[in-house]
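Every number for a ligand or one of its atoms is a count from 1 in the order of the listing. Predicted model, so just to flag it, every value in this text is computed and none were measured.
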Amino acid sequence: MALETKHSYMPTGLEGIDSLTLSRFVLQMQQMSAEATGDLTILMNALQISCKVVETCVRRAGIAKLYGLAGSGNVQGEDQKKLDIIANDAFKENLEDCGRVSVMVSEEDDEAIVCSKATTHKYAIAFDPLDGSSNIDANVSIGTIFAIYRLDDSSVSKTPAEGAKAIMQTGRNIVVAGYAMYGSATNLVLSFGEGVHGFTLDPSIGEFVLTHPGIQIPKTGKIYSVNEGNAANWDKATTKYVENSKYPEVGKAKSLRYIGSMVADVHRTLLYGGIFMYPADAKSPTGKLRLLYEAAPMAYLMEAAGGKATTGEIDILDIVPDSIHQRVPVYMGSSEDIDAIVSLYQSQ
Ligand code: AHM
Ligand code: MG
């Protein structure tokens, strides 16, 4: 059956195209821009190949004995799984080899990586190669999150410190953000700033095909999503918000859904509406999720889909990073649900 893509929210020129693959989508985006050089197209190609490599490893993990710990830790002090390392290597090798990435920041690497093979210095990328690590061995959905930032082409970073400085920009400077989700199907959801589009990997042709054009998050939702095991350490605003969700003065209580993989929880929130949160608490005063490669890319998608993303006090996309692995409190989702938590912060 042909895909319905005749929507006004499709990028100009792409309306009415059936069975649109991601490769073709990216190429068309390039052809529609007068200044495009093809560099971003090549970068996006390296990115989608990396996602396919990781998806193959994830699918074969049980058979190929890829579950379990690798015996090492990352800069966050977390144990690395074998698949964390395989995914990180796949992204780093493909992105470096494509020659269009100047600087990379990965959750799994302590310092920013300056790419010696870069032939142009317009782009930096921050990524979490395999998010939701605690879910890997239980075969629960996991994913990759990424954000591509535009750099000032005239400045070439030579050291990790210079690379870190170059990529530490607000999320407003993101050029493309997205995630791949390795779930019951493999999805790649992304935004070039104009709309959010979801692709599904068709294993029979090895291509991502457009299945969710122009994702728009509902204005309000019936679901709240949070690790409620941390409730004893929450601040008043978060505690009140969750209490209101369970025991509303008017209307129906919200349902709780929490997968513990940001990619999967955000994917559901984008499609069904509601709120996803990972608040700061007394034990983790800045929260758990990392700004550059978790919070900012997802906030970019939320805003592009008509939703909102905040720390409770500031829009996530307006935060000026102070370090590459900085953590921030996260509340994101339907605009009315986010307005409710923001007003609780204002009255706190
Ligand atoms: P990771 O990058 O080490 O996988 O950690 C990030 C994950 C997110 O996917 C998820 O939202 C969160 O950690 C879950 O944390 P918790 O287990 O504390 O609820
Ligand atoms: Mg992560």
Side-chain angles (χ1 to χ4, degrees), residues 51 54 57-58 61 66-70 72-88 90-92 104-110 126-147 177-183 187 189 223-234 238 242 256-270 274-299 301-302 309-311 316 323-333:
C51 293
V54 173
C57 294
V58 168
L66 297 177
Y67 288 141
L69 295 177
S72 52
N74 65 13
V75 62
Q76 338 272 343
E78 298 155 344
D79 289 330
Q80 289 173 305
K81 301 275 171 103
K82 289 177 198 160
L83 275 175
D84 277 327
I85 294 178
I86 291 168
N88 195 33
F91 278 92
K92 286 197 293 185
M104 295 188 275
V105 162
S106 164
E107 177 181 337
E108 302 301 335
D109 285 274
D110 197 349
F127 56 90
D128 180 351
L130 207 55
D131 184 63
S133 296
S134 67
N135 280 323
I136 291 177
D137 295 358
N139 195 16
V140 174
S141 296
I142 47 181
T144 298
I145 312 172
F146 64 90
Y179 59 83
M181 186 173 78
Y182 316 108
N187 289 125
V189 176
I223 295 172
Y224 74 101
S225 182
V226 66
N227 182 344
E228 231 174 317
N230 297 328
N233 297 314
W234 286 344
T238 308
V242 171
L256 167 64
R257 297 280 184 274
Y258 188 68
I259 298 165
S261 281
M262 186 189 198
V263 167
D265 282 313
V266 167
H267 187 66
R268 183 201 56 247
T269 306
L270 271 174
I275 185 168
F276 166 76
M277 36 190 162
Y278 207 110
D281 63 37
K283 279 199 182 154
S284 314
T286 53
K288 176 179 184 188
L289 300 175
R290 277 55 59 110
L291 175 61
L292 278 184
Y293 44 81
E294 291 176 329
M298 293 308 206
L301 293 175
M302 278 292 166
T310 176
T311 63
I316 287 171
S323 65
I324 57 173
H325 297 292
Q326 178 181 351
R327 297 173 194 266
V328 291
V330 167
Y331 303 85
M332 57 174 67

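Residue Leu289 has no nitrogen or oxygen atom sitting less than 3.5 Å from a nitrogen or oxygen atom of ligand 1, judged on distance alone. Ligand 1 has no N or O atom lying under 3.5 Å from any N or O atom of Asn230, backbone or side chain. An N or O contact shorter than 3.5 Å links Ser133 to ligand 1 by distance.
Of all the atoms in ligand 1, the ones that sit under 4.0 Å from a non-hydrogen atom of Asn227 are 16 (P), 18 (O), 19 (O). The Phe276 neighbourhood of ligand 1 comprises atoms 11 (O), with distances under 4.0 Å to a heavy atom of that residue. For ligand 1, the atoms closer than 4.0 angstrom to any heavy atom of Glu294 are 2 (O), 6 (C). Using a 4.0 Å cut-off to heavy atoms of Ser261, the atoms of ligand 1 that qualify are 9 (O). Short contacts between ligand 1 and Met262, defined as distances under 4.0 Å to a heavy atom of the residue, involve ligand atoms 8 (C), 9 (O), 10 (C), 11 (O). Of all the atoms in ligand 1, the ones that sit under 4.0 Å from a non-hydrogen atom of Glu107 are 1 (P), 2 (O), 3 (O). For ligand 1, the atoms closer than 4.0 angstrom to any heavy atom of Tyr258 are 14 (C), 15 (O), 16 (P), 19 (O).
Considering CD1 of Ile85 and CG of Leu130, their distance stands at 11.0 Å, rounded to 0.5 Å. Atom CD1 of Ile142 and atom OG of Ser134 lie 10.0 Å apart (nearest 0.5 Å). Rounding to the nearest 0.5 Å places CG of Asp128 at 7.5 Å from OG1 of Thr144. Atom OH of residue Tyr182 and atom CG of residue Asn139 lie 14.5 Å apart, to the nearest 0.5 angstrom. Considering CG of Leu270 and CG of Leu301, their distance stands at 6.5 Å, rounded to 0.5 Å. Residue Met332 holds its CE atom at 4.5 Å from CD1 of Ile316, rounded to the nearest 0.5 Å.
By the criterion of a heavy-atom distance under 4.0 Å, the side chain of Asp128, and not its backbone, is placed next to ligand 1. Proximity of Tyr293 to ligand 1, defined as any heavy-atom pair under 4.0 Å, is not found for any part of the residue.
Within the structure, the closest approach of Asp131 to ligand 1 falls below 4.0 Å when heavy atoms are considered. Heavy-atom separations between Gly132 and ligand 1 include at least one value shorter than 4.0 Å.
For His325 (side chain) and Arg290 (main-chain N/O), no donor-acceptor pair under 3.5 Å exists by modelled atom type. Of the possible donor and acceptor atoms, none in the side chain of Thr269 sits under 3.5 Å from a partner among the backbone N and O of Gly274.
Taking the side-chain hydrogen bond (donor to acceptor under 3.5 Å, both in side chains) definition, one finds that Asn135 meets it with Ser261, sequence neighbours left out.
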May I have the list of side-chain donor-acceptor pairs in residues 275-285 shorter than 3.5 Å, sequence neighbours left out?
residue: Tyr278; atom: OH; partner: Asn230; partner atom: ND2; Å: 3.3
residue: Asp281; atom: OD1; partner: Lys283; partner atom: N; Å: 2.8
residue: Asp281; atom: OD1; partner: Ser284; partner atom: N; Å: 2.7

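By heavy-atom distance, the residue among Met298, Arg290, Glu228 lying nearest atom 5 (O) of ligand 1 is Arg290.
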